[in-house]
Amino acid sequence: MTSEERILELRSILHTHNYNYYVLNAPQITDMEFDTLLRELQDLEASHPHMYDPTSPTQRVGSDITKDFKQVQHKYPMLSLGNTYSKSEVADFYDRVKRALNEDFEICCELKFDGTSISLTYADGKLVQAVTRGDGEKGDDVTANVRTIRTVPLLLSGSYPHEFEIRGEVLMPWAVFEQLNEEREKQGEPLFANPRNAAAGTLKLQDSAVVARRRLDAYLYYMLGESLPTDGHYENLMYAQQWGFKVSDTMRKCATLEQIYNFIDEMDVKRKELPFATDGIVLKVNSLRQQRHLGYTAKSPRWAIAYKFKAERAVTRLCEVTYQVGRTGVVTPVANLDPVQLSGTVVRRASLHNADIIDNLDLHIGDMVYVEKGGEIIPKITGVDMDMRLLIGDKVRFVDKCPECGTPLIRIDGEAAHYCPNERECPPQLKGRIEHYVSRDAMNIDSIGPETIETLFALGLVKDIADLYTLDSSDLMFLPRMGAKSADNIIAGIRSSLNVPFERLLFALGIRFVGATVAKRLARSFRNIDAIMDATLEQLTAVDDIGERIATGVIKFFADENNRILVERLRKAGLKFEVDEEFVKESSDILKGKSIVISGVFSRHSRDEYKEMIEKNGGKNVGSVSKSTTFILAGDNMGPSKLEKARKLGIQLVSEDEFLAMLE
Ligand code: IVH
């Protein structure tokens, strides 16, 4: 056998095992055997580059090539579905269809997967393109990323149409989602609120090797094309399953409203056992001929509808309320619960937000409480099952002293939150400020995570951010779970933070209400820390977008002698307390008072760079078009809805070149 033949053979063997493993869930060889075959193929492909094939199983591991996504026009627009929330609305849909068709029909009932939708194009049995929904008309070409999803076949088997599209949902299973968030928490990165956002975010990553590691999954639920196998939606998906696609086996054809209701009730129970999120049921008229007859409204098909499940709720016992203290001293109550299963995960804790919420719920320890998961990671308590309150426990009263340092808490009039005012000594506040300082958008010292901070703090090596600059490798080398290499890494990270520009350092100081954008504005207007420290309320509020609340935050911060000392220690350590010449040179007031929307795809700079330019020149980058938008910085392929809105409101479109010329 020649190497070329072996390559083809290996590809075919690996495709089959991939399918057995990921789609059928029935592996026939061990992981190690699989890896050995895959490695053999990788080696052969590397030495035979002319055999490159984008559908090879080796492409599943991704590559680190960075690319901006190409925008692609959908051949058939990607519409959304009308939502219903009750069985009577489902009955209305059913009756509408019945009247319009005036003949027998079947409804295909399916789960509504809660991920991000994708449209796949296959030609001659090969995956040629994968496009996100985008604005429904155009989406991003994320083919390289989708190739890494094991359940998306790169090559089909059997006899399939010459060309067709198949749409479905890319999902991140609960288990992967939780693990990912755990890792992000350790790294001090922002958490994903739910698996849907995590899946969508992952598909948009530039590095497909990272996508490959995120273990996404995909269910397909909608086939489009000129020569589909049958007139039945359900039947076509059964064919798709034969060709290698993952199609849910919970789909069911129903002939009566009663059967539909049964499906809904059954699935509302079954879905709780599923390893991924679902948020409802989708009902589709099964016959494609009948679908065409029913047609579309402007936004959605008349032949399909979604039924949304009520938020899932579990009942469990409230064991204890504990309190967390954040970097700014805000005290958040947390309910500790008897572990309970809720939409795929075990819930042990729920946020209670603040004292008012506790009072409104009239919570007592030992109560059986309702727990719901909204779009958030942390579930919330929505009520108490009063019938179950047999033995009344202690009423939950918000603590009056800081659980960490014992200082009496304060509550500012009109605010819901309680604060611990002991900024100087309260440990979670001290550690929180260091965590904020090293975080990515601040000084970006990524060699230091929360665990390292915990250790350094516990050993008394670092009590505030200026202490970081007194460390050397010998202080760190012998700490638990640390070696010479990680110690050096940490020191190198701290050292390179000396070059971080002033505006980010200003943000990193953690002044109340001074976020990254406000810090940039302050840096641009005042140029250096001394001017900011001495600024009056009037001088501060004279800066665009800086109101009394922020200005007071700044004044209070520097009124504290300790903070002034901190600044001096940092200055001595070599940190930059004035803006770079370049930052000033690139800055101007040209866009002062202007609200600018960025839309479309650009060729000369990235979106982020344009955002930066707008801010540097005194303008404000806003997300959506409104009456107060000054102009739209419009690239190619601007979304049709934005375009329409701009036209209606008579807002000017400025091209990339015109914009750059404006700044010259
Ligand atoms: S069919 C024209 N089937 O729900 C109808 N959509 O609100 C095309 N979704 O954008 C969609 N599960 O992302 C269909 N079994 C399912 C679905 C499903 C989830 C999502 C999809 C779509 C949205 C519509």
Side-chain angles (χ1 to χ4, degrees), residues 74-85 89-90 93 97 107-120 130-140 142 146 149 151-152 164-173 194-204 216-225 228 232-238 240-241 245-254 260 263-264 267-268 270-271 274 276-288 290-309 343 375:
H74 290 297
K75 189 166 170 196
Y76 314 92
M78 281 180 90
L79 302 174
S80 57
L81 294 172
N83 283 329
T84 59
Y85 298 89
E89 286 176 283
V90 170
F93 165 75
V97 169
I107 297 284
C108 181
C109 299
E110 309 170 7
L111 282 171
K112 188 167 188 301
F113 304 100
D114 196 9
T116 182
S117 45
I118 193 81
S119 187
L120 311 174
V131 183
T132 62
R133 181 171 189 279
D135 61 8
E137 301 283 335
K138 290 195 191 74
D140 284 324
V142 290
V146 169
I149 304 175
T151 40
V152 171
F164 66 97
E165 265 185 66
I166 189 159
R167 292 181 179 170
E169 205 82 352
V170 171
L171 302 167
M172 182 176 284
N194 49 48
R196 179 183 354 105
N197 291 1
T202 301
L203 269 194
K204 295 286 190 70
L216 295 173
D217 201 349
Y219 275 97
L220 285 308
Y221 48 61
Y222 186 28
M223 200 191 298
L224 300 112
L228 303 185
H233 160 76
Y234 176 90
E235 289 72 14
N236 285 340
L237 288 180
M238 290 301 122
Q241 201 169 32
F245 291 103
K246 189 162 178 175
V247 174
S248 170
D249 48 22
T250 53
M251 286 195 340
R252 186 183 303 165
K253 283 196 291 179
C254 293
I260 296 175
F263 182 86
I264 292 178
M267 285 305 148
D268 207 356
K270 251 196 199 149
R271 71 185 190 107
L274 295 175
F276 46 80
T278 54
D279 61 344
I281 301 285
V282 180
L283 309 173
K284 299 172 184 167
V285 171
N286 195 53
S287 151
L288 304 188
Q290 291 178 336
Q291 288 185 3
R292 281 191 296 273
H293 180 79
L294 290 163
Y296 296 84
T297 68
K299 275 191 290 187
S300 49
R302 287 203 185 84
W303 47 264
I305 201 152
Y307 165 86
K308 300 278 265 213
F309 291 129
S343 27

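First listed ligand is number 1; within each ligand, the first listed atom is number 1. Values reported hereafter were calculated over all heavy atoms of this structure, with side chains retained and with hydrogens, waters and symmetry mates removed. FYI, the numbering just counts along the sequence from 1.
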Can R196 and E169 be counted as an ion pair, charged N to O under 4.0 angstrom? no

Examine the side chains of E110 and H233 and answer whether a donor and an acceptor come within less than 3.5 Å of each other. yes

Contact (N/O only, under 3.5 Å) between Y221 and ligand 1: yes

Please say whether E169 places an N or O atom under 3.5 Å from an N or O atom belonging to ligand 1. yes

Could you tell me whether ligand 1 has any atom less than 4.0 Å away from a heavy atom of A306? no

For S117, counting its heavy atoms only, list the atoms of ligand 1 lying under 4.0 Å from any of them. 10 (O), 13 (O)

Need the ligand 1 atom indices (1-based, order shown) with element for anything under 4.0 Å from a heavy-atom of P301. 2 (C)

Among non-hydrogen protein atoms, atom 15 (N) of ligand 1 lies closest to E110 OE1, 2.8 Å

Below 3.5 Å, N or O to N or O, backbone or side chain included: is there any such pair between F113 and ligand 1? yes

Identify, by atom number and element, the atoms of ligand 1 in contact range of V282, meaning under 4.0 Å from any of its heavy atoms. 3 (N), 15 (N), 16 (C), 17 (C)

Knowing that exactly one of L216, V170, D217 qualifies, which makes a side-chain contact (heavy atoms from CB on, under 4.5 Å) with T151? D217

K284 versus ligand 1: do any nitrogen or oxygen atoms come within less than 3.5 Å of each other? yes

Is the count of non-hydrogen atoms from other residues, nucleotides or ligands lying under 6.0 Å from K204 atom NZ greater than 12? no

Check the orientation of W303 and Y222. Use parallel for under 30°, tilted for 30 to 60°, and perpendicular for over 60°. tilted

Looking only at the aromatic ring of each residue, does the gap between the centers of Y219 and F276 stay below 6.0 angstrom? yes

of all protein heavy atoms, closest to atom 7 (O) of ligand 1 is L81 N, 3.4 Å

Below 4.0 Å from ligand 1: does a non-hydrogen atom of L111 turn up there or not? yes

List the residues meeting side chain to side chain contact (heavy atoms under 4.5 Å, CB included) with A306, not counting sequence neighbours, and say none if there are none. L81, N83, K112

Would you say Q291 and N286 are linked by a side-chain donor-acceptor pair, where the criterion is simply a distance under 3.5 Å? no

Below 3.5 angstrom, do we get any N/O pair linking R133 and ligand 1? no

Do NZ/NE/NH1/NH2 and the carboxylate oxygens of D268 and R271 come within less than 4.0 Å? yes

Which ligand 1 atoms does K112 reach within 4.0 Å, using its non-hydrogen atoms? 4 (O), 7 (O), 12 (N), 19 (C)

